[in-house]
Protein chains: 2
Amino acid sequence: MARTQGSFSGVTGPRIQDAALKLFARHGYAAVSMRQIAGEVGVQAGALYNYTPDKQSLLFDLMRGHMDQLLAALEREDVPDDPCAALRHFVRFHIRFHLVRRDAVFIAYMELRNLSPENFDVVEGLRRTYEDHLEAILQRGAAAGVFDVPDTKVATLAVIAMLTEITTWYRADGRLTQDEVEAQYLALVCRMLRGAGPDAM
Amino acid sequence: MARTQGSFSGVTGPRIQDAALKLFARHGYAAVSMRQIAGEVGVQAGALYNYTPDKQSLLFDLMRGHMDQLLAALEREDVPDDPCAALRHFVRFHIRFHLVRRDAVFIAYMELRNLSPENFDVVEGLRRTYEDHLEAILQRGAAAGVFDVPDTKVATLAVIAMLTEITTWYRADGRLTQDEVEAQYLALVCRMLRGAGPDAM
DNA sequence: GTCTATAATCTGATAGAC
DNA sequence: GTCTATCAGATTATAGAC
């Protein structure tokens, strides 16, 4: 049940969002003109302004929509009580969610500086909420003694960075299947964080 | 002995490069005009063209210069024979080199899509050469049995991603000193790659 | 809701004076 | 080597016809 974003109901609205997503990801927000977006949709430039007040809102709606979807999907997941299981669950969730939304992921990381200050704060807050979810898992594991992480914030950022970077090189027709990629990163992350005690993971 | 890049000898040339580096990193290549760069330097826009044939060359020279410096610095390092020591050496080198060149690092990762195809191939080749250096260390360690990495290419990308991401959040006046950050990532990386055998690292 | 036309401004790059 | 002036075209956004 995908909720429509902002005022983009109807048919043309979503097509404008799709076109902007594709073009912003490929060429960058600043390098894409409203005429290009209109051309991709098949309308004239003026028609876009029936759906967005300006170009900035187009970018912001894309980024906020992406983060909203991410957090909504995360909340729908059942997080295991066991910290190790929760970590493995998160790794799989993160890879699967991001690999099918590569354009949006790219924009969410590359176009932050093109957001107005107020819009930046909103997106940054949502990103922070997502990071906090992983950090909470690491804290629970550290408290239970199954993870050995001197700084959970650093470990959180390290894990998310290495997982998100997959979206920049993974190809469905490449050397590795998605299952293989998941298995490898699962092993790397678990080994990176596991405690020195009995091998729980 | 910093070698001057391209035709940027003299005084104004380097100032143009510095201004472009700063502005491209802050606002993005496509969002910065030649007039803005000229204004930052304190000359008129036309004067820039005594130093660069066009805006694209300005970007390319920055990126190639950054990668050239990176590879030159890497070659000056003495790489230990022991794979574990070599890995630790690389982690420290990577963090130290990148943390003092945050603008250039940002540009090198964010503006690849704004390079012409030929220029992209050049920069991509240099980046690949750098990755190969780390991968060679991992392969040596895997062959010696001290590292447990099923896929050295994946592990290489994972390590570089988590290390480079430090540049996006580290602040000199922040919670952690650079030495602390180095120590933490050293521990994370070593643990992520170490073999199941006797704890060599 | 889409079109055409246009306002007002900015763009990269060049020519020629000094 | 820097300036001023300028070219030719693109930019976002708006106004009003249909």
Side-chain angles (χ1 to χ4, degrees), chain A residues 4-63 107 111 113-120, chain B residues 4-63 107 111 113-120:
Chain A
T4 40
Q5 292 299 327
S7 57
F8 285 91
S9 53
V11 182
T12 306
R15 302 224 315 133
I16 291 172
Q17 283 206 311
D18 290 346
L21 182 75
K22 171 183 165 185
L23 290 172
F24 288 168
R26 191 160 311 176
H27 307 292
Y29 171 76
V32 172
S33 71
M34 295 296 267
R35 279 172 180 76
Q36 277 179 275
I37 298 170
E40 182 82 15
V41 174
V43 296
Q44 291 301 311
L48 298 181
Y49 292 89
N50 291 320
Y51 299 90
T52 183
D54 49 32
K55 193 183 172 189
Q56 167 71 204
S57 299
L58 207 46
L59 176 63
F60 176 57
D61 287 344
L62 284 175
M63 294 178 71
I107 291 172
E111 303 295 355
R113 61 187 167 184
N114 284 313
L115 288 174
S116 69
E118 317 84 61
N119 290 346
F120 176 85
Chain B
T4 41
Q5 292 300 328
S7 56
F8 285 92
S9 52
V11 181
T12 307
R15 302 224 314 132
I16 292 173
Q17 283 206 312
D18 290 346
L21 182 75
K22 172 183 163 185
L23 290 172
F24 288 168
R26 191 161 310 177
H27 307 292
Y29 170 77
V32 173
S33 70
M34 296 297 269
R35 280 170 180 78
Q36 276 180 274
I37 298 171
E40 182 82 15
V41 174
V43 296
Q44 292 300 313
L48 299 181
Y49 293 90
N50 291 320
Y51 298 91
T52 182
D54 48 32
K55 194 184 172 189
Q56 168 71 204
S57 299
L58 208 46
L59 175 63
F60 176 57
D61 286 345
L62 284 175
M63 295 180 70
I107 292 173
E111 302 297 354
R113 62 187 166 183
N114 284 313
L115 289 174
S116 68
E118 316 83 61
N119 290 346
F120 176 85

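Just so you know, these numbers use all the heavy atoms, side chains as well, and skip hydrogens, waters and symmetry mates. All chains are named by letter (A, B, ...) in the order of the sequence lines, taking the proteins before the strands, and each is independently numbered beginning at 1.
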Can you tell me how far [atom2] of [Y] sits from [atom1] of [X], rounded to the nearest 0.5 angstrom?
X     : Y     : atom1 : atom2 : result
B/Y49 : B/M34 : OH    : CE    : 3.5 Å
B/R15 : B/I37 : CZ    : CD1   : 13.0 Å
B/L48 : B/L58 : CG    : CG    : 7.5 Å

Expected list for residues 22-29 of chain A: side-chain donor-acceptor pairs under 3.5 angstrom, two or more places apart:
{"from": "A/K22", "atom 1": "NZ", "to": "A/E40", "atom 2": "OE2", "distance (Å)": "2.7"}
{"from": "A/Y29", "atom 1": "OH", "to": "A/Q56", "atom 2": "N", "distance (Å)": "3.2"}

Which part of the nucleic acid, if any, lies within contact of B/V32, taking any heavy atom under 4.0 Å across all strands shown: a base, the sugar-phosphate backbone alone, or nothing?
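Sugar-phosphate: the residue B/V32, judged by heavy atoms under 4.0 Å, touches backbone atoms but no base.
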Which whole-number value in Å describes the distance from [X] [atom1] to [N] [atom2]?
X     : N      : atom1 : atom2 : answer
A/R15 : C/dG1  : CZ    : P     : 15 Å
B/I37 : C/dA13 : CD1   : C1'   : 13 Å
B/Q36 : C/dT11 : CD    : P     : 6 Å
B/F24 : C/dG12 : CZ    : C1'   : 12 Å
B/Q56 : C/dT11 : CD    : P     : 18 Å
A/K55 : D/dT14 : NZ    : P     : 15 Å

Nearest to side-chain heavy atoms of A/Y49, which nucleotide of C/dG12, D/dT2, D/dT14:
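Nucleotide nearest to A/Y49's side chain: D/dT14.
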Closest approach to the side chain of B/Y51, judged atom by atom: which nucleotide of C/dA13, D/dA13, D/dG1 is it?
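Among the listed nucleotides, the one closest to the side chain of B/Y51 is D/dG1.
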Can you find a pair of side-chain heavy atoms, one from A/I107 and one from A/L59, that are under 4.5 Å apart?
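In contact.
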Looking at side-chain heavy atoms only, is the closest gap between B/T52 and B/I16 below 4.5 Å?
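They are not in side-chain contact.
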Under 4.0 Å: is that the gap between some side-chain N or O of B/T12 and OP1 or OP2 of D/dT2?
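Checking B/T12 against D/dT2: at least one side-chain N or O falls below 4.0 Å of OP1 or OP2.
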Establish, with yes or no, whether the OP1 or OP2 oxygen of C/dC10 is under 4.0 angstrom from a side-chain nitrogen or oxygen of B/S33.
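The answer is no; no side-chain N or O of B/S33 sits under 4.0 Å from OP1 or OP2.
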Carboxylate-amine/guanidinium contact B/E111 B/K55, below 4.0 Å
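B/K55 and B/E111: not salt-bridged.
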Report each atom pair, protein N/O against N/O of nucleotides 3-6 of chain C, whose distance is under 3.5 angstrom.
{"from": "C/dC3", "atom 1": "OP2", "to": "A/Q44", "atom 2": "N", "distance (Å)": "2.6"}

